[in-house]
J.: 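Just dropping this structure here.
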2 protein chains.
Amino acid sequence: MRSVIQPDSQKRRPTFIEEARRRQIVQTAIRTIATRGFSQASLAEIARKAGISKGVISYHFDGKEALVEEILASLLREPADFVKARVDRENRPLAQLRAYVEANFEFMRTHRDHYVALVDLWGRRPDAASGGNRFDADAYEPSRHYLARILESGIEQGEIRDVPLRTTASLIQAAIDGVMLQWVLDEDALDLDAAISEVTDMITGHVRPFNSEAAS
Amino acid sequence: MRSVIQPDSQKRRPTFIEEARRRQIVQTAIRTIATRGFSQASLAEIARKAGISKGVISYHFDGKEALVEEILASLLREPADFVKARVDRENRPLAQLRAYVEANFEFMRTHRDHYVALVDLWGRRPDAASGGNRFDADAYEPSRHYLARILESGIEQGEIRDVPLRTTASLIQAAIDGVMLQWVLDEDALDLDAAISEVTDMITGHVRPFNSEAAS
DNA sequence: TTAAAATTTGACCATGCGGTCAGTAATTCA
DNA sequence: TGAATTACTGACCGCATGGTCAAATTTTAA
């Protein structure tokens, strides 16, 4: 199927059915991982939950590893798209930064399953045989870069003090991910609303110019 | 062995050999998980790396789940002990807070394997059959509580402004964990020293009283 | 020294896994 | 309409896993 090389070395345009099935399988797999854990998310279990035969998964995906990569891509792309849309509503960098942080949390709150599955998938190591891709690691670079650009324009416009771009971007993402992790590990251990408010304050406070008074 | 109930309902004091073997097995398992991933860390592989027979693990641990719990306990206890020792050197709460953050990162830097394994283990879900313990979630409560106490005394002494204790403790731990996570996922994507410095500044800045000038 | 207890071995087992495949059904399209 | 392509089924395979156990070995203690 997908692995067949076309004469013009172009990928065959996927059928309507194929796209729908792949979506269904990925979504079912995410739900399965979130509820039962990755170790219990066998192809048989995913197929059972989806109401299809196990062979269908093998038919549409070139092995379980390929399925997992598509799941991971989905888990990272969906929140990224949502956040980007929210950020694009804002004009000024500081407001964009706030929107970035808040949109992350908003998506988080409405898609807890996604993050439970993501935390589960973090533990994966690429197949030693497959030459060891670095999908996991590289997948986080775009959001760091996106954040750094927001910071950069903020600095240019004087809304943000002269922080180191990459490090600060990592730091902001780290705070978001850290709160997310605690919330995933124990939904009740954390007052999510309070944490969101505090982390947003902390971040905006950290990047605010020294001479600034009321910025938000 | 360990499951035998003693007449006086006290646990039998473990033999020297037993303690040593258990330590060895746990340490070898951590190394194996860190290097090959949990999915490849079979009892056979761990035994092979330790140079012992597979049955020894079954003899000393009541199933793989019990081994994993001991690994997890070890992964959480060791840094906690280290951090506590560093915090205890300091007298004033703000210095203790700095020590807490910095000691976390110091241990992190010298024990990357531990954290690689920990991230891998986060994805585990307790056995549905075993009544679903909440070890994972509860294991993080002590450090949050410990942090909250530091903050509390800092507020009392006026070194720290009146922040919400639990939420701020969660937030601080979240920032630490978030940086740790990025570093674990990709050692090279993050300038760890710069991140440590920034996150320490951000945290101390966040809790500093409004009227304070030079605090560190 | 020796009997009991603790420890280790390695072969063995049942189970569930990812993956394959011949055959069947559904869909597409000329 | 009918042949070709696409999609699906369910039985099957080889394999790695966690776990067991009788027998052998080492340690303990009387």
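Reminder, nothing fancy here: chain letters follow the sequence lines and each chain counts from 1. Just so it is clear, the values below take in all heavy atoms, side chains as well, and ignore hydrogens, waters and symmetry mates.
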J.: I25(A) CD1 to dA7(D) C1': how many Å, rounded?
T.: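 For the pair I25(A) CD1 and dA7(D) C1', the rounded distance is 11 Å.
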
J.: How many Å lie between CZ on F61(B) and C1' on dT8(C), as a whole number?
T.: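 Atom CZ in F61(B) sits about 15 Å away from atom C1' in dT8(C).
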
J.: For a quick test of reading the model: is some side-chain N or O of R21(A) closer than 4.0 Å to OP1 or OP2 of dT6(D)?
T.: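 So the side chain of R21(A) is outside the cut-off, no N or O lying under 4.0 Å from OP1 or OP2 of dT6(D).
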
J.: H60(B) side chain N/O closer than 4.0 Å to the phosphate oxygens (OP1, OP2) of dA6(C)?
T.: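 It does not, given that no N or O in the side chain of H60(B) lies less than 4.0 Å from OP1 or OP2 of dA6(C).
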
J.: In terms of side-chain geometry, is the basic nitrogen of E19(A) or R22(A) positioned less than 4.0 Å from the acidic oxygen of its partner?
T.: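 R22(A) and E19(A): not salt-bridged.
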
J.: Base, sugar-phosphate or nothing for S58(B)? Non-hydrogen atoms, less than 4.0 Å.
T.: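 It contacts base atoms.
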
J.: In whole Å, what is the span from the CG atom of L67(B) to the P atom of dT17(D)?
T.: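 Value for this atom pair: 15 Å.
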
J.: Take atom NZ of K64(B) and atom P of dG18(D), then tell me their distance rounded to the nearest Å.
T.: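 For the pair K64(B) NZ and dG18(D) P, the rounded distance is 4 Å.
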
J.: Return the nearest nucleotide to the side chain of Y59(B); candidates are dT7(C), dG19(D), dT9(C).
T.: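 Nearest to the side chain of Y59(B) among the choices is dT7(C).
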
J.: Closest-nucleotide mapping onto DNA chain D: is S42(B) or G51(A) further toward the 5' terminus? I mean the 5' end.
T.: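 That would be G51(A).
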
J.: Roughly how many Å is it from CD1 in I57(A) to P in dT20(C), rounded to a whole number?
T.: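 In whole Å, dT20(C) P lies 14 Å from I57(A) CD1.
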
J.: Side chain of K54(B) only, please: which of dC8(D), dC12(C), dG19(C) is the nearest?
T.: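 Nearest listed nucleotide: dC12(C).
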
J.: Could you pick out which residue, A41(A) or G55(A), lies toward the 5' side of DNA chain C when each is mapped onto its nearest nucleotide?
T.: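 Result: A41(A).
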
J.: Could you tell me the separation between the CD1 atom of I46(B) and the C1' atom of dG19(D), rounded to a whole number of Å?
T.: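 Distance, rounded to whole Å: 14 Å.
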
J.: Of the options dG18(D), dC8(D), dT9(C), whose atoms approach the side-chain atoms of S53(B) most closely?
T.: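 Minimum distance to the S53(B) side chain belongs to dT9(C).
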
J.: With a cut-off of less than 4.0 Å, is there a side-chain N or O of T15(A) near OP1 or OP2 of dA7(D)?
T.: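 Yes.
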
J.: Grab the CD1-P distance between I52(B) and dT8(C) for me, whole Å please.
T.: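 Value for this atom pair: 7 Å.
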
J.: Taking the nucleotide of DNA chain D with the nearest heavy atom to each, does F16(B) or S39(B) sit closer to the 5' end?
T.: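 This one resolves to S39(B).
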
J.: Report the relative orientation of the aromatic rings in H114(B) and H111(B); use parallel for angles under 30°, tilted for 30 to 60°, perpendicular for over 60°.
T.: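 Correct class here is perpendicular.
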
J.: Could you state the atom-to-atom distance from CD of E19(A) to C1' of dA7(D) in whole Å?
T.: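 That distance rounds to 15 Å.
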
J.: Taking R144(A) first and then E141(A), would you say they form a salt bridge - that is, a charged N and a carboxylate O separated by under 4.0 Å?
T.: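 E141(A) and R144(A): salt-bridged.
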
J.: Does the distance from a Lys or Arg side-chain N to an Asp or Glu carboxylate O, for R21(B) and E18(B), drop under 4.0 Å?
T.: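 No.
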
J.: Less than 4.0 angstrom from a charged side-chain N to a carboxylate O is my criterion; do E106(B) and R109(B) meet it?
T.: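 No, E106(B) and R109(B) are not salt-bridged.
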
